[in-house]
Structures are given as structure tokens and as C-alpha cells.
There are 2 protein chains.
Amino acid sequence: MQLNKIVEFHKALGDLTRIRIIALLKQGPLNGQAIAETLGLKPPTITHHMTKLREVGLIKERRDKNTIYFSLNTKILEMSAKGILSVGTGGDAKMEMSVTEEERSAIINNFFTKDGKLKNYPAQRKKKLVVLAHMIKGLEFGKVYQEKEINEYLKHYHEDYATLRRELIMCQYMYRENNQYELNPVELWWLS
Amino acid sequence: MQLNKIVEFHKALGDLTRIRIIALLKQGPLNGQAIAETLGLKPPTITHHMTKLREVGLIKERRDKNTIYFSLNTKILEMSAKGILSVGTGGDAKMEMSVTEEERSAIINNFFTKDGKLKNYPAQRKKKLVVLAHMIKGLEFGKVYQEKEINEYLKHYHEDYATLRRELIMCQYMYRENNQYELNPVELWWLS
DNA sequence: TATCTAATTAGATACTAATCGAATCCGATT
DNA sequence: AATCGGATTCGATTAGTATCTAATTAGATA
């Protein structure tokens, strides 16, 4: 159950001080004392907030001598931005919200064989999303996958793993950075 | 300053009970008592949470006799999802995070005449975003615009208002629902 | 009007989280 | 080794918030 991950993520952003910190860091890396000074707070307070932000993966840090420079993990921000729902560019977005459980299992039954192979890839966006959501269930949350691993995994569903892999990215179920793949953390819950 | 709007929004989602409520409502409308029962909580607690969710616009309600049926405001969910950042589909997304103030004003100067007209529309995504962000400054936050109004407004910048209007949607500065337009509420801060 | 049902308000309690001062840690420099 | 600068840990205080019970409101029905 990753409900708690969602909660923690939003808690991290649900505090004015932390939002101000993020706003600051958007302009560039800063060390703790500098942040404390500009916000009119004491260093321990900043440490406290940085811990929270770090826990949800929102910041990166780089050490230089004694000072630690914090910066935003833009990737996570992007993800959270796109994540919450996997919405397209408008249009049929609302449909995605309202997939009933019956519809879902009907789609699964239609597109997968009894032994779990994907018969063919749906064209309709809504069905795509259901099918993709189903396939990633075997992937681990928070784990970083090599492209080869992803291919291996997807091949169990269909020989055209390349298409599936591309679609996972397009529909934002996963994201890629220098050929490493990861499940989109925020995404999952809203669709499961 | 809409920093607080952002904070309140995330606070609303930063609570396990409320996330569970949202998860429930995703499957369809429910009245308070039903929610209370399935979550093992008392009605006043639900009222409390519904108030918070309502304050950030996450739920709609419909009254039928004595019972009030709550449902999700999917539009806001979509918005919050797309909002946080206006990121593209990957690629140059990171650049968008790091527009310095100098860059920004350089771009503004390059693409607008002294009297504020748009000379031409940039092709580069980063510049697009800056230009669009600049143009919407005259629009009101939370107000619903008719297509005609938007056209009128954009015509002041460039005669090809249709392109601009489309781009505002594409880059998610605004969203449209049955030909009414509205500024994307979550968007703004992260770019300002 | 009396009654029933569902929702809300008010007040109390317990829990959680933000902030700070003091003490400590940990690298780097002397 | 001693010291310095920055970050962190610890403990205490305070502010905020989730939850409950009891009382109240509001609409519908008898």
C-alpha cells in the first residue's frame, strides 16, 4: 500500500516554510545557513525541513568542504507534476478518472490471455492506461531498472517490448534518465 | 501571493484519512455516513475532512433529501496533476526549471515591442514558456473566460490569437472546459 | 406538530509537527 | 592536537490538527 507515500509527499509540500525553501532553491543551490538567513530561521529548523524534503526525494545535495549545497531534484518535481493523474492533453482525460472495477476487469480479460500474455495493444487511451497499469504490477516501486531488465520483463507480456516500453514512458507510468528506468512514484496510487 | 494556496492544497492531500476518502470517492459519489462507516470513523470527523477538501476545491456535492452525496472534482485533480510545473514530455524539461531573471527579461525584450506587442512567437520551448507566462499576467486568477474574451485579450499581443490561445492550453497555462477558459491555478507560482 | 434521519457545530482531548537553544558531530585548516 | 565552520541531534516548548462525544440544525415524513 503506497497510500502513505502519497501522504508523505503532500505533507512535505504542505508547509509554508518548505515551499519557501523550494522557491529559493529553484533559483539555484544554497547551503543551510544561507537558507536559514534568508528565511529568518535558525539552522536546526532548516535541517529539520531538509530532512522532510529529502525523505520524499525532493532535494539533492553536494558537499564542498564543510558546506552542503542543497538543490532541487527537478526530476521528482516533474514527476509529481505529471504524476498525480496520468492525464493526456485534456480531451478524454475525464474518462480516465472513472474506470469502474467492472470495466477494468473486462478490459483485462479482453486484452490478456489466460496465461497473462498481452494479445494486442489497445488503441483507445482509456484501455491503454488500464492495460499498462496492469502490466507494471510486477515491477518494484522505487527500484531502478536497466533498460535490459525492462525489456526482459515486458517480453513476458509481448514480444514487441519496445513499443510497450515506449508507451510506459509516454503515459508516464515510468520515467527514464540516462537509460535507467523507474516507476513513477506518484502515479501509481491514483490508478490502482 | 498564492504560496498559501499551494500549501493549503498540499495540506489537504497530506493526510491519510483524506487520501482514503479521495480513493473512495474515485469509485463514485458517497454520502457522509457511508464514508464514515467504511473508514471506521464518526460522522463529525468526516465533516471535518470534507470541509478541508472543499476548501481547496477537491469535491463537489449534491443534495438528495437529507443526504449529501460527495464526489470528486476531477477537474481540480487534473489541474493539480498537470500543474505543479509546466513541463513538457521530458527532453528539455529541466531547462524550464532554471530560467534566471536575466534570461527572462532578455527573452521578454527580444520578443515584445516597447508597447508590449508580441513580435513573433518563439519556437524554442523555454522561450515559449517565458513569453506565455508574461502574456497571462493580465488575466485574472480564478475567473472563467469565454473564448471570445480570451481572443480579445490575446489580440492585443498578436493578431494570430488562435495560435496563442492554443499554446496556452498546450503548455497548460490555461485549461478549457466546454469553451470556457480558466487560468491553471496551481501552475502560476512555480513559474513566477 | 412531532419525529426521523443525516449533517453539522462546539468543546475536549490527544497527537503531531514547527521552532528554537544548547550540545554535539564532522571535515577542514592551522 | 587544537580549532574553526557548518550541519546535525536532542529536548523542550508551542502551535496546529484529527478525533471523539454531546448537542444542535435542517430537511423530510408521518
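Naming convention: chains lettered A, B, ... in sequence-line order (proteins, then strands); numbering from 1 in each chain.
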Same apolar cluster: L13(A) and L39(A), side chain cutoff 4.5 Å: yes
Partner set under side-chain hydrogen bond (donor to acceptor under 3.5 Å, both in side chains) for K127(A), not counting sequence neighbours: Q124(A)
Measure all distances between protein nitrogen or oxygen atoms and nitrogen or oxygen atoms of nucleotides 27-30 of chain C, and list the pairs falling under 3.5 Å.
| unit_1 | atom_1 | unit_2 | atom_2 | d |
| --- | --- | --- | --- | --- |
| dG27(C) | N2 | N66(A) | ND2 | 3.1 |
| dG27(C) | N3 | N66(A) | OD1 | 3.4 |
| dT29(C) | OP1 | K65(A) | NZ | 3.3 |

Salt bridge (Lys or Arg N to Asp or Glu O under 4.0 Å) partners for E61(B), two or more places apart: R54(B)
Interface residues of residues 31-44 of chain A with DNA chain C (non-hydrogen, below 4.0 angstrom): L41(A), K42(A), P44(A)
Lys/Arg N to Asp/Glu carboxylate O, K155(A) vs E152(A), below 4.0 Å: yes
Touch class at under 4.0 angstrom, heavy-atom based, for T47(B) against every strand present: base
Pairing residues for N109(A) by the side chain to side chain contact (heavy atoms under 4.5 Å, CB included) criterion, not counting sequence neighbours: none
Where protein sits on nucleotides 12-18 of chain C, one letter per nucleotide: B base, S sugar-phosphate only, - none, heavy atoms under 4.0 Å: -----SS
Leading and trailing nucleotides of DNA chain D with any atom under 4.0 Å from heavy atoms of chain B: dT17(D) to dT29(D)
Residue pairs passing the side chain to side chain donor-acceptor pair (under 3.5 Å) test where at least one lies in residues 32-51 of chain B, sequence neighbours excluded: R18(B)-H49(B)
Any residue meeting salt bridge (Lys or Arg N to Asp or Glu O under 4.0 Å) with E147(A), in chain and number order, not counting sequence neighbours: R165(A)
Pairs satisfying side chain to side chain donor-acceptor pair (under 3.5 Å), at least one member in residues 112-121 of chain A, at least two apart: T113(A)-D115(A), Y121(A)-E167(A)
Cluster overlap I21(B) with I68(B), hydrophobic side-chain contacts below 4.5 Å: yes
Sequence-distant partners of Y153(A), ring-ring contact (aromatic ring centres under 6.0 Å, His included), two or more places apart: Y157(A)
Non-neighbouring partners of H158(B) that pass side chain to side chain contact (heavy atoms under 4.5 Å, CB included), sequence neighbours left out: L118(B), D160(B), L164(B)
R63(A) side-chain N/O to K65(A) backbone N/O, donor-acceptor pair under 3.5 Å: yes
Non-hydrogen atoms of P43(A) and A36(A) that approach each other most closely: N-CB, 4.0 Å
Base paired to dA30(D) (Watson-Crick or G-U; both N/O distances under 3.5 angstrom): dT1(C)
